[in-house]
Amino acid sequence: MILSQEFYHRDTIDVAKDLLGKVIVRVVRGKILSGMIVETEAYRSKDDPGSHAYRGMTERNRVMFGEVGRSYVYFTYGNHYCLNLVAKDDSTAAGAALIRAIEPLQGIELMRKFRKISDIYNLTSGPGKLTKALDITKDQNAVDVTKKGELYVTEGRRIDESQVIAASRIGINLGLDKKWRFLIKDNQFVSKKVRL
DNA sequence: CACCCGATTATCT
DNA sequence: GATAATCGGGTGT
């Protein structure tokens, strides 16, 4: 069951939290790669100095201002791509949830080839790692993830509120007061760094 | 396990 | 010209 556009048409923070346990599906060369989301971060707009959208729309972030339920993929640090899902309610102009880590489910051998490593706990435990494992690049920017295609998101396991940890977001200097990083308690596949 | 640092380039000021 | 929603390798504890 693919998540509908309605799922993404809510406060970015709620969507980021509710994405835990959902499954990302990536189809490459006819093969299916998938993994359960175990860690996310919410990025809003005018109220969030840590967000790309804080200073308004630019060529890079324009997808964050567009239709919900689409992917926002950007390139950073000269090496890596990061995958976000556009999500927001009508009270704000832009917003997206960064997918920080997934637990590999299907197509693990192909992921190992893309990552050139074998350790399953290191395969998709970080935003730059999981895009490499799923062969996601700028070509997958602005893809509609509410429809079956090369990239979409389905229902997965229900995660109880008591299993969700909220923490400060990683890799930013502004907006650290906001606890908008969400991860599944005791999951082995989250990215290691924890700043509370 | 914790901290430090270089790589590498699109994007913004 | 500076910075960055990162990673992996290196060193030290």
Side-chain angles (χ1 to χ4, degrees), chain A residues 8 11-17 19-20 24 35 37-66 68 70-88 92-102 104 111-143 145 151 153 165-183 186-196:
Chain A
Y8 302 94
D11 189 303
T12 312
I13 296 166
D14 293 329
V15 176
K17 196 184 302 180
L19 276 169
L20 296 176
I24 300 248
I37 299 171
V38 299
E39 180 174 346
T40 63
E41 282 178 5
Y43 286 90
R44 297 209 298 203
S45 54
K46 290 190 289 289
D47 63 339
D48 183 4
S51 172
H52 285 169
Y54 182 59
R55 291 169 198 285
M57 185 160 64
T58 65
E59 182 54 34
R60 174 175 63 166
N61 68 22
R62 73 185 198 293
V63 184
M64 286 180 77
F65 291 78
V68 300
R70 286 183 177 259
S71 60
Y72 166 44
V73 179
Y74 65 87
F75 187 71
T76 191
Y77 289 106
N79 299 310
H80 309 285
Y81 291 97
C82 291
L83 170 66
N84 299 248
L85 301 176
V86 178
K88 68 202 179 197
T92 184
L98 170 68
I99 309 302
R100 283 197 57 86
I102 63 176
M111 290 188 204
R112 286 187 165 123
K113 280 187 189 163
F114 287 141
R115 285 277 287 123
K116 297 181 169 60
I117 58 154
S118 60
D119 179 11
I120 193 161
Y121 295 108
N122 197 20
L123 214 47
T124 56
S125 55
K129 298 180 187 178
L130 70 92
T131 52
K132 187 147 220 171
L134 298 180
D135 193 32
I136 289 172
T137 67
K138 219 175 168 66
D139 290 347
Q140 278 66 238
N141 190 30
V143 169
V145 299
L151 181 66
V153 185
I165 296 174
S168 290
R169 293 172 294 177
I170 290 184
I172 58 174
N173 299 306
L174 298 171
L176 287 173
D177 53 315
K178 299 173 170 61
K179 300 284 191 284
W180 290 354
R181 176 191 180 204
F182 302 103
L183 29 78
D186 298 330
N187 185 282
Q188 301 292 293
F189 296 88
V190 301
S191 69
K192 290 291 179 189
K193 295 182 265 186
V194 179
R195 264 190 251 159
L196 294 172

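Convention: sequence-line order gives letters A, B, ...; per-chain numbering from 1.
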- Do A:T40 and A:K17 pass the side chain to side chain contact (heavy atoms under 4.5 Å, CB included) test, and can you show the C-alpha distance, the side-chain angles, and the key distance before you say yes or no? CA-CA 7 Å; A:T40 63; A:K17 196 184 302 180; over 6 Å; no

- Could you walk me through whether A:V86 and A:Y8 pass side chain to side chain contact (heavy atoms under 4.5 Å, CB included), step by step? CA-CA 7 Å; A:V86 178; A:Y8 302 94; over 6 Å; no

- Quick one: A:N84 CG to C:dT6 P, roughly how many Å, whole number? 11 Å

- Item | Side-chain N or O of A:R115 closer than 4.0 Å to phosphate OP1/OP2 of C:dC7 | no

- Given protein heavy atoms under 4.0 Å, the one-letter contact record of nucleotides 7-13 of chain B, with B base, S sugar-phosphate only and - none, is simply BBBSSSS

- Query: Do A:Y74 and A:Y81 have ring centres separated by under 6.0 Å?
  - Reply: no

- Query: Roughly how many Å is it from CD1 in A:I170 to C1' in C:dA4, rounded to a whole number?
  - Reply: 15 Å

- Item | Donor-acceptor pair between A:S45 and A:T92 side chains, under 3.5 angstrom | yes

- Could you check how far CG of A:L176 sits from P of C:dA4, rounded to whole Å? 12 Å

- Query: If every non-hydrogen atom of A:N61 is compared with every non-hydrogen atom of A:H52, which pair is closest and at what distance?
  - Reply: ND2-O, 3.0 Å

- Message: Looking only at the side chains, is there a donor atom on one of A:R100 and A:S191 sitting less than 3.5 Å from an acceptor on the other?
- Response: yes

- Note on the structure: Residues of residues 125-133 of chain A with a heavy atom under 4.0 Å from any atom of DNA chain B, listed by number, are none

- Yes or no on side chain to side chain contact (heavy atoms under 4.5 Å, CB included) for A:Y43 and A:R169, after CA distance, side-chain angles and deciding distance? CA-CA 9 Å; A:Y43 286 90; A:R169 293 172 294 177; 3.2 Å; yes

- Note on the structure: A:Y43 atom OH is separated from C:dA4 atom P, nearest whole Å, by 12 Å

- Pairing string of DNA chain C (Watson-Crick or G-U wobble, both atom distances under 3.5 Å; | = paired to other strand) is ||||.|||||||.

- Item | Whole angstrom value for the distance that separates P of C:dA4 from CD1 of A:I172 | 11 Å

- Task: Take A:D11 and A:R44 through the test salt bridge (Lys or Arg N to Asp or Glu O under 4.0 Å) and record every step on the way to the result.
- Result: CA-CA 9 Å; A:D11 189 303; A:R44 297 209 298 203; 3.0 Å; yes

- Rounded off to whole Å, could you give me the CD-to-C1' distance for the A:E41 and C:dA4 pair? 14 Å

- Item | Working for side chain to side chain contact (heavy atoms under 4.5 Å, CB included), residues A:T131 and A:V73 | CA-CA 9 Å; A:T131 52; A:V73 179; 5.6 Å; no

- Message: Can you measure A:H52 atom NE2 to C:dT6 atom C1' for me and round it to whole angstrom units?
- Response: 12 Å

- Message: Are there over 12 heavy-atom neighbours, none belonging to A:K132, within less than 6.0 Å of that residue's NZ?
- Response: no

- Using a cut-off of 6.0 Å, state whether more than 12 heavy atoms not belonging to A:F114 lie near its atom CZ. yes

- Query: What's the CG-P distance between A:N173 and C:dA2, to the nearest Å?
  - Reply: 17 Å

